[in-house]
Amino acid sequence: HEHRIRLSIHTFVVLSQGRTIVIDTCVGAEPDRPLPADPAYLGRLDEAIDGGLDGVDVVLCTHLHFDHVGWNTIAVAGARVLTFPNARYLFGRLEWESLVGHDHDGLAETAVQPIIDAGQAQFVDTDHQITTEVRLVPTPGHTPGHVSVVIESQDASALITGDIAHSPIQFAHPQIAATGFDTDSDESTSTRMMIVDRYADTDTLLLGTHFAPPTAGHLVRDRSSRIRLVSKR
């Protein structure tokens with residue numbers, strides 16, 4: 001349809017130095033969310049991870065919107081239990097401070113507070129290092145404490161975007177903002193321009209948290225200096 005883009009919602013699983021890291025946990029099963037839940041999500045994730053959900057060491061939320069924290073917990077017999085019972089959950093300190101008092105979706109109660117109560121939450125800075133191969137980079141604008149994730153290993157690198165862009169179109173036209181969802185659209189535009197300057201025509205693979213398949217590609221400038229996300233199949 002005109003003026004619409006195709007979206008996906010992704011969780012990424014990163015294996016680094018003996019740790020299993022889950023990045024963003026999608027929508028969850030809450031009935032009042034504006035996007036549909038995927039009831040098969042947990043089963044697929046459990047099968048995909050060595051050791052299943054119990055084998056996850058770290059859960060990172062790039063920011064605190066419902067479609068990135070939804071499966072942090074699940075409801076069992078009216079109580080909230082941690083979906084990844086052995087994991088340390090990382091939340092941006094600035095992101096949490098920004099959510100408190102502006103929590104229109106009740107995310108603190110369902111997706112963060114039970115983890116704090118269980119003693120498994122860790123509030124981190126926007127440049128936090130998870131392993132020597134995996135680190136956060138501040139990419140504000142969509143939310144104040146939004147982060148992306150850089151992975152560097154064996155002379156290769158990748159960037160998990162989070163919501164700095166919901167479509168590759170926004171790298172070609174950084175001024176296209178997620179109006180109504182960005183906290184600061186001018187700042188999100190500046191962040192996209194920074195990402196283009198940093199990663200265009202490099203070997204860094206971009207993994208789009210909301211990019212429809214093929215989801216991943218490299219930012220490439222054509223002869224007219226226009227930016228495209230090129231997937232190498």
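Here the structure is a predicted model, which means the values were calculated and not measured.
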Inset, instruction - Go through the structure and list residues passing salt bridge (charged side-chain N to carboxylate O under 4.0 Å, His left out) with R80, not counting sequence neighbours. - result: E30
Solution key, residues 141-149 side-chain donor-acceptor pairs under 3.5 Å, sequence neighbours excluded:
{"from": "H142", "atom 1": "ND1", "to": "D182", "atom 2": "OD1", "distance (Å)": "2.7"}
{"from": "H142", "atom 1": "NE2", "to": "H65", "atom 2": "ND1", "distance (Å)": "3.1"}
{"from": "H142", "atom 1": "NE2", "to": "D163", "atom 2": "OD2", "distance (Å)": "3.2"}
{"from": "T143", "atom 1": "OG1", "to": "E95", "atom 2": "OE1", "distance (Å)": "2.9"}
{"from": "T143", "atom 1": "OG1", "to": "E95", "atom 2": "OE2", "distance (Å)": "3.0"}
{"from": "T143", "atom 1": "OG1", "to": "H146", "atom 2": "N", "distance (Å)": "3.3"}
{"from": "H146", "atom 1": "ND1", "to": "T139", "atom 2": "O", "distance (Å)": "3.2"}
{"from": "H146", "atom 1": "ND1", "to": "T139", "atom 2": "OG1", "distance (Å)": "2.9"}
{"from": "H146", "atom 1": "NE2", "to": "D163", "atom 2": "N", "distance (Å)": "2.8"}
{"from": "S148", "atom 1": "OG", "to": "T139", "atom 2": "OG1", "distance (Å)": "3.0"}
{"from": "S148", "atom 1": "OG", "to": "T161", "atom 2": "O", "distance (Å)": "2.8"}

Quick check: are there more than 12 heavy atoms from other residues, nucleotides or ligands sitting under 6.0 Å from [atom1] of [X]?
{"X": "I169", "atom1": "CD1", "result": "no"}
{"X": "Q129", "atom1": "CD", "result": "yes"}
{"X": "R226", "atom1": "CZ", "result": "no"}

Got a sec, which residues hit side chain to side chain contact (heavy atoms under 4.5 Å, CB included) with [X], two or more places apart in sequence or on another chain?
{"X": "S225", "answer": "none"}
{"X": "S190", "answer": "none"}
{"X": "R223", "answer": "none"}

Legend entry - No-hydrogen, no-angle side-chain donor-acceptor test under 3.5 Å, D24 and T62: yes
Legend entry - Qualifying side-chain hydrogen bond (donor to acceptor under 3.5 Å, both in side chains) pairs, either residue in residues 82-94, two or more places apart: R88-Q122, R93-D125
Inset, instruction - Would you list the pairs meeting side-chain hydrogen bond (donor to acceptor under 3.5 Å, both in side chains) in which at least one residue belongs to residues 42-57, sequence neighbours left out? - result: D38-R44
So which atom in [X] and which in [Y] form the shortest heavy-atom distance, rounded to 0.1 Å?
{"X": "A108", "Y": "D103", "result": "N-OD2, 2.7 Å"}
{"X": "T189", "Y": "P174", "result": "OG1-O, 3.2 Å"}
{"X": "S16", "Y": "I21", "result": "CB-CD1, 4.3 Å"}
{"X": "H218", "Y": "D203", "result": "NE2-O, 3.3 Å"}

Inset, instruction - Not counting sequence neighbours, list each pair that qualifies as a salt bridge (charged side-chain N to carboxylate O under 4.0 Å, His left out) and has a residue in residues 138-160. - result: R135-E152
Inset, instruction - Answer whether the closest heavy-atom distance between the side chains of L136 and T126 falls below 4.5 Å. - result: no
Legend entry - Partners meeting side-chain hydrogen bond (donor to acceptor under 3.5 Å, both in side chains) with D117 (sequence neighbours left out): Q113
Inset, instruction - May I ask you to decide if the ring planes of H68 and H210 are parallel, tilted or perpendicular, using 30° and 60° as cut-offs? - result: perpendicular
Inset, instruction - Tell me who clusters with L219, hydrophobic residues only, linked when side chains sit under 4.5 Å apart either directly or through other members. - result: V137, V150, L159, I164, F171, M194, I195, V196, Y199, L206, F211, I227, L229
Inset, instruction - Please step through side-chain contact (heavy atoms from CB on, under 4.5 Å) for the pair T110 and D105, ending with a clear verdict. - result: CA-CA 9 Å; T110 61; D105 293 318; over 6 Å; no
Inset, instruction - Using the test ring-ring contact (aromatic ring centres under 6.0 Å, His included), find all partners of H128 that sit at least two apart in sequence or belong to another chain. - result: none
Inset, instruction - Could I get the full list of ring-ring contact (aromatic ring centres under 6.0 Å, His included) partners for Y41, not counting sequence neighbours? - result: W71
Inset, instruction - Kindly state whether the ring of W96 and the ring of F91 have centres lying under 6.0 angstrom apart. - result: no
